[in-house]
Number of protein chains: 2
Amino acid sequence: MAECSPAGYAVLGLIARHGPMTPYELKARIQDDIEPFWPIPHAQLYRIPPGLAQAGLLREEAETTGRRRRIFHLTDNGRAALERWIAEPDTGEPETRDPAQVKLFFADLGAPADIVALATRQAAQHRKWLSHYESLRAELEPSKDSRQSARARLLRLGVLHEQAHVDFWESLAADPGRLDD
Amino acid sequence: MAECSPAGYAVLGLIARHGPMTPYELKARIQDDIEPFWPIPHAQLYRIPPGLAQAGLLREEAETTGRRRRIFHLTDNGRAALERWIAEPDTGEPETRDPAQVKLFFADLGAPADIVALATRQAAQHRKWLSHYESLRAELEPSKDSRQSARARLLRLGVLHEQAHVDFWESLAADPGRLDD
DNA sequence: TTGACACCATCCCAATGAGACCATAGCTTC
DNA sequence: GAAGCTATGGTCTCATTGGGATGGTGTCAA
């Protein structure tokens with residue numbers, strides 16, 4: 001039933017949206033758009049598309065001359081699989097890996113001042129991401145273009161997410177003893 | 001400089017806090033406490049402690065009789081490494097993998113109704129986590145115990161995080177066209 | 001023409017994820 | 001007290017992954 005991983009569908013989706021692409025182009029697009037909620041190491045982008053081609057969801061067209069890039073096209077099967085996946089509201093559980101939270105969890109085993117230092121650093125870090133998302137959002141033209149609206153929605157979530165973290169770490173830095181709301 | 005991964009420090013930290021442990025006990029503790037911000041598959045807990053023992057941060061004491069469990073103790077080196085790590089405010093970047101966000105990003109390639117279905121499902125899911133964290137938090141005795149306060153802080157962040165997601169997905173379910181705040 | 005650099009792709013190997021599998025202990029039931 | 005069940009505890013395997021190292025190709029400027 002699960003025809004491929006979210007990473008696979010991300011590849012299908014990018015090609016569906018922007019047309020045939022090489023792994024290298026995929027890399028650039030993913031870094032911009034998808035990284036924040038589904039990181040994909042670059043080497044995977046030379047493994048996933050051939051796999052999807054095997055499965056008949058993409059078609060590979062290799063240049064024979066010069067640089068011999070491998071360009072991947074969406075097939076009808078690929079588009080169908082992508083649409084089936086989008087229509088399925090059940091998804092896997094989200095996963096988070098945040099070294100700062102691990103550290104905070106064990107902070108009582110260290111010096112009390114360590115918490116303030118950690119929280120200050122984290123607050124700054126998340127504020128940076130927050131303003132990054134906000135400026136990306138500001139750049140977005142307020143068109144009714146449905147492609148733009150996908151990005152806009154995710155940016156809104158990114159802002160909410162970073163805002164929550166900024167609030168948390170800032171309040172922790174300001175008053176490390178406090179535990180209530 | 002980086003003596004081991006956050007997973008390694010989580011193992012050191014749990015043993016520092018609760019005393020010598022077998023991999024099996026580690027598994028139980030991690031599922032309860034650490035899973036939400038740093039998942040560790042169970043097989044890793046039979047690989048990481050021996051590795052730390054190699055590095056001199058743990059000491060292994062194998063039962064010779066019956067069940068022959070492997071009990072790992074913290075060494076002085078281990079405690080020192082743990083404290084150094086806690087005192088270091090720089091951490092790696094957090095990573096998120098959320099299939100629902102990938103799906104939402106490509107939702108414009110499917111039917112408009114798919115968004116509502118996805119958002120409704122996600123809102124319910126995150127509301128579940130939210131109330132889970134809130135009830136765990138309610139159970140916590142309001143002691144000044146520093147061990148409890150570590151848990152309390154992380155639960156507060158969990159609540160904020162889930163709240164942000166609930167807000168996002170609920171507003172999306174209610175009005176999929178809206179893009180502003 | 002010769003660097004220098006950005007572009008593009010592949011390789012490799014250790015680490016990982018996930019699940020199947022195995023073994024022991026203690027409890028129940030007869 | 002034997003047989004069987006279930007919870008406990010641990011190990012193995014194998015495909016997949018992460019991510020750094022490497023090695024080509026086109027292009028532009030000096």
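A, B, ... follow the sequence lines: proteins, then strands. Residue 1 opens every chain.
- If you measure from atom OH of B:Tyr24 to atom C1' of D:dG9, you get 6 Å, rounded to the nearest angstrom.
- Residues B:Glu25 and B:Glu95 each lie close to DNA chain D; by heavy-atom proximity, the contact nearer the 5' end of the strand is made by B:Glu25.
- No side-chain donor-acceptor contact under 3.5 Å links A:His165 and A:Gln122.
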Assess the residue pair B:Leu104 and B:Trp169 against the criterion (side chain to side chain contact (heavy atoms under 4.5 Å, CB included)); give the C-alpha distance rounded to whole Å, side-chain angles, the decisive distance to 0.1 Å, and a yes or no. CA-CA 10 Å; B:Leu104 179 59; B:Trp169 290 109; 3.9 Å; yes
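- Connectivity analysis of hydrophobic side chains (ILVMFWY, heavy atoms under 4.5 Å, direct or indirect) links A:Val116 to nothing; its cluster partners are none.
- An OP1 or OP2 oxygen of D:dT25 is reached within less than 4.0 angstrom by no side-chain nitrogen or oxygen of A:Arg69.
- Within a heavy-atom distance below 4.0 Å of DNA chain C, the residues of residues 34-50 of chain B found are B:Pro41, B:His42, B:Ala43, B:Gln44, B:Arg47.
- Taken from OH in A:Tyr9 to CG in A:Leu57, the straight-line distance is 7.5 Å, to the nearest 0.5 Å.
- The pair A:Arg17-B:Asp108 counts as a salt bridge, with a side-chain nitrogen and a carboxylate oxygen less than 4.0 angstrom apart.
- In this structure, CG of A:Leu26 is placed 13 Å from P of C:dT10, rounded to the nearest angstrom.
- Following rounding to the nearest Å, A:Phe72 (CZ) and C:dC8 (P) show an atom-to-atom distance of 14 Å.
- Heavy-atom distances to DNA chain D give each of B:Pro23 and B:Arg97 a nearest nucleotide, and the one nearer the 5′ end belongs to B:Pro23.
- Distance, A:Lys27 NZ to D:dG20 P: 12 Å, rounded to whole Å.
- In this structure, B:Ile30 places its CD1 atom 16 Å from P of D:dG9, rounding to the nearest Å.
- Atom-to-atom, CZ of A:Arg70 to P of D:dG24 comes out at 18 Å; the value is rounded to the nearest Å.
- Rounded to an integer number of Å, the gap from B:Met21 CE to D:dT8 C1' is 17 Å.
- A:Tyr24 belongs to a hydrophobic cluster whose other members, connected by ILVMFWY side-chain contacts under 4.5 Å either directly or through intermediates, are A:Tyr46.
- Per the geometry, CD belonging to A:Glu93 stands 17 Å off P belonging to C:dG17, to the nearest Å.
- Note: A:Trp129 and A:His132 meet the aromatic proximity criterion, with ring centroids under 6.0 Å apart.
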